[in-house]
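Below is one structure, written out as structure tokens; the observations come after it.
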Amino acid sequence: MRFRHARAAWADRAKRRTEDSAGTGTGTPGIDTAGLGTPGTGRSGAARRAVLVGGAVGLGGAVVGYGLSRVGGTSAKAPTAGSAPVTGRPAVQGRRALVMQVLAHPDDDLYFMNPDTQYAMAAGAPLVCVYVTAGEADGVNKVPGRPHPPADKAAYSSARHQGLRQSYATQLGLPVFTRWEESSLTLPGGHQAELNTLEHQGRRVELVHLDLAMHTPFRRMGVPALWRQTGLRLTTVVADGSPVRRVRSYDHDDLLDVLVGLFAHYRPTLVHTLDPDPDIQLSDRITRIRDSEQPGYSDHADHTAVASFTWAALARWARTAGPDGPPEFTTVAYRGYYNHHWPDNLPPAVLDAKAAHLVPYGGSPEWKCGNPAGCGDYNVGGDRPLRNRKRWVRSTHYRHPGPRLALTEAAGGRLTAYGVLGMRAVRWQEGADGTFGEPSDLGGGPLAPALGSAVLDDGRLLLLALRFASVVGLGGSDTREIVLLEQRAPGGAFRAWTGLGNPEGADANRGRRIGVPVAVTAPDGRVHLFVRNADQGISTRVRETGGAWSPWRNLGGGPVQDGLTAVVGADGQVHVYAPGRDAVHHWTPQGPSPVPGVQSGPAVPAGAIAVADGHLYYRPPASPTLLAPTGAAVSFPGYGPVTAAGTHLLGRGLDGRLRLVHRTTGKHATSTTDSLDGFVLHSSRRRGPVAAGLTPEGRPWLWQPNPTPDPSSSDGPGSPARKV
């Protein structure tokens, strides 16, 4: 069968149920396989061939870069290609959610991207997972407590494929051994991938296995070498039982072409990636091997290389225009082995559900799954992820944490939202019906998904972003920079994008480790910009009232995670807060400083700090509790950071839904909207608390639980979140 354009194909697929599904029962993701489906039905007998046509999406050229003007200070190497100017033209946005994940190994999604993936699936979003390597490692499918079996890379890869089918079958609410439709998928350049498809009650999962070998013939890491090295070709592994029968080979451009072709075919509205720029992590060789990390950095080398390929492919795809116009998508990059080095941030209720999805993936050699090569990755099942000293499963961390939207309010009370769509900045304006209209393009790409913002004394808006200035590989300099978009007049048009450089100067390798920008306008009219630097402290630049920017200055301090909070305190001074390994860390523009009002060190934070009226709110490690200024708990069980505005807090409950809580009364309202990370809270005298964010479709939503605010009253039961 020949694939047609993705939008038409998805309309047809929504009407079709997979013929090989084994009923509609609910599987139990446990070791005991009783009631988990008919033994021996884990694989289907028939395979079909699907052809992906990628010739119309402009697959040439690997360099990504956009020109910008510069505003003083030091910066990384100048970009090398055309510009992404402010056009003001309408920008396309998603109409139907589709989540696409690009992974290095089978199980990266289960360890690092859940619970987000599970919530998107539960909301009905189709899911496509692309696994770049075969995950064959040394070919030994280890069974704890037993002698190691002989190495067999084709079998171990097949067993990991089977484990993924088992896990996602249970996540769809089906028995663990439900049969999948298996086929070979033809990709750009004549490459082939194994495609596993399962659909249940209108929900669909597709697993795409590119199956590149994890190592070169000289035992070097395969995909990292492919990212850096010209002239290298990396072969594939043919997994046992796969409908793909032939070994192929990829070079650098082949893998980019295939990823761009997959994006162009599926047209995802939300792309989950790994971390392209992991933190510097210095450790001795033995520790590094025990932690499975690459030399000098806190992640596996495959994760970094696959993430780099993914961001390069996304940036190239973002410059294309197909039959439906330019691609519309949002992104989330997830930290990997970074989780081992920072406090756990998932409470037991969320962690248990996440870890449960690794049980059927791990499987057991005793299972009768129908795959002779193996029934999972045996070293991963049961409670082993929870007992693992590396603690990867116990957190879900974002590489680019922070607000996805910047909100401004006009005199009449209507809101304007600024965000990132298709790696470019866009603007949405609220209409009379209380929903946002179509986006207009503000350029600037390719941008990370979180935005910083500040409003000048005259009412003009500054937008700040972290930009992928170049993503080239093959020995080129991969650079990042902070960029600025300045409004000409309040509520009006914008000037051209300008570059503010990088706090790490010309050191491009260190410059890749910086965080997303945050900014605040001081009472004297100066704008203070802060960025987490490569040493995990913070650096700053200051905009004078006349518009000139100071050079970058390292304020030191730390180490802290990204997700800075910058505010003007009751003392009229600028304060910055960030979560460290041991306590809340605090700076003023002069440098690190004790947390104001705290006699002894505050409790360890698991994530970003919310600040309201000089009081700090955050969750301690592995806890659903939200700490109040006095150290007592606010009645707000949940996980992840909260944000504060006025008298309210906004964050996730234990079920993943957003909750708005009054800080003093504890009265709350719960949203029904499916929201990405980076939601924001705006406090309006005219309207009361207003929450906003982006859906998996890449569409902005507004939620106003209390449309007629009264400062002396608490929230009512709330109204449903409104979205376009």
Side-chain angles (χ1 to χ4, degrees), residues 116 332 345 396-398 400-409 415 417-419 449-455 464 515-520 530 560-569 575-579 584 605-620 624-629 634-654 656-664 666-671 673-684 687-695 700-706 715 718 721:
D116 292 2
V332 185
N345 67 7
T396 299
H397 284 291
Y398 302 114
H400 307 113
R404 286 183 175 267
L405 297 179
L407 296 178
T408 61
E409 183 177 353
L415 297 175
Y418 300 85
L451 287 178
S453 65
V455 178
L464 299 125
V516 296
V518 299
V520 64
F530 302 97
V560 296
Q561 300 190 67
D562 205 9
L564 310 178
T565 303
V567 299
V568 174
H575 299 268
V576 183
Y577 300 88
V584 176
I609 317 299
V611 183
D613 297 333
H615 302 310
L616 311 186
Y617 297 85
Y618 57 91
R619 299 190 190 280
T625 300
L626 182 67
L627 294 183
V634 178
S635 179
F636 192 168
Y639 76 98
V642 299
T643 184
T647 58
H648 291 79
L649 300 166
L650 178 70
R652 291 197 188 277
L654 291 173
R657 294 292 181 187
L658 292 184
R659 297 180 67 194
L660 186 71
V661 175
H662 195 283
R663 290 194 287 119
T664 56
K667 297 291 184 65
H668 69 271
T670 301
S671 169
T673 295
D674 299 306
S675 179
L676 303 183
D677 61 288
F679 41 82
V680 296
L681 182 61
H682 175 75
S683 182
S684 168
R687 301 172 59 168
V690 181
L694 290 180
T695 69
W701 52 264
L702 279 176
W703 178 34
Q704 187 176 349
N706 186 8
D715 288 310

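None of the values given here were measured: they were computed from a predicted structure.
Partners of Arg659 by salt bridge (Lys or Arg N to Asp or Glu O under 4.0 Å), not counting sequence neighbours: none found. Qualifying salt bridge (Lys or Arg N to Asp or Glu O under 4.0 Å) partners for Arg619, counting only residues two or more places apart in sequence or in other chains: none.
The two residues Pro401 and Tyr398 have their closest heavy-atom pair at CD-O, 3.4 Å. Heavy atoms only, all atoms of each residue included: Tyr418 and Leu451 are closest at O-CD1, 3.5 Å. Taking both residues in full, the closest heavy atoms of Pro705 and Ala669 are given as CB-CB, 4.0 Å, listed atom of the first, atom of the second, then distance. Summarising the geometry of Leu464 relative to Ser453, their closest heavy-atom pair is CD1-N, 4.4 Å, with the distance given to 0.1 Å. Of all the heavy atoms in His397 and Ala606, the pair that sits closest is CE1-O, 4.3 Å. Pairing each heavy atom of Asp677 with each of Arg652, the nearest pair is N-NH2, 3.7 Å.
The CG atom of Leu681 lies 10.5 Å from the CG atom of Leu658; values are rounded to the nearest 0.5 Å. Atom CZ of Phe530 is separated from atom CG of Leu564 by 9.0 Å, given to the nearest 0.5 angstrom. Residue Phe679 holds its CZ atom at 12.5 Å from OG1 of Thr673, rounded to the nearest 0.5 Å. Of the inter-residue distances, the one linking Tyr618 atom OH with Leu626 atom CG reads 10.0 Å to the nearest 0.5 angstrom. To the nearest 0.5 Å, the span separating CD1 on Ile609 from OH on Tyr617 amounts to 13.0 Å. Rounded to the nearest 0.5 Å, atoms OG1 (Thr695) and CG (Asp674) are 8.0 Å apart.
The shortest distance between side-chain heavy atoms of His662 and Thr664 falls below 4.5 Å. Within the 4.5 Å cutoff, no side-chain heavy atoms of Ser635 are placed close to those of Val661. Within the 4.5 Å cutoff, the side chain of Val516 has heavy atoms near those of the Asp562 side chain. Side-chain contact check for Val332 versus Arg404: some heavy-atom pair is nearer than 4.5 Å. You'll find the side chain of Val680 stays beyond 4.5 Å of the side chain of Thr643, heavy atoms only. Trp703 has its side chain within reach of Leu650: a pair of non-hydrogen atoms, C-beta onward, lies under 4.5 Å apart. Here the side chains of His575 and Val568 are not in contact, with every heavy-atom distance at 4.5 Å or above. Counting heavy atoms from C-beta outward, Leu694 and Leu405 have side chains that approach closer than 4.5 Å.
Listed by first and then second residue, the salt bridge (Lys or Arg N to Asp or Glu O under 4.0 Å) pairs involving residues 609-618 are Asp613-Arg663 (not counting sequence neighbours).
Looking only at distances, no side-chain donor or acceptor of Asn345 sits under 3.5 Å from a matching main-chain atom of Gly640. A distance-only check finds a donor-acceptor pair linking the side chain of Gln704 to the backbone of Arg687 [under 3.5 Å].
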Exercise. Can Val690 and Leu702 be said to form a side chain to side chain contact (heavy atoms under 4.5 Å, CB included), step by step?
Worked result: CA-CA 7 Å; Val690 181; Leu702 279 176; 3.7 Å; yes
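Looking only at atom types and distance, the side chain of His668 has no donor-acceptor partner in the side chain of Thr670 under 3.5 Å away.
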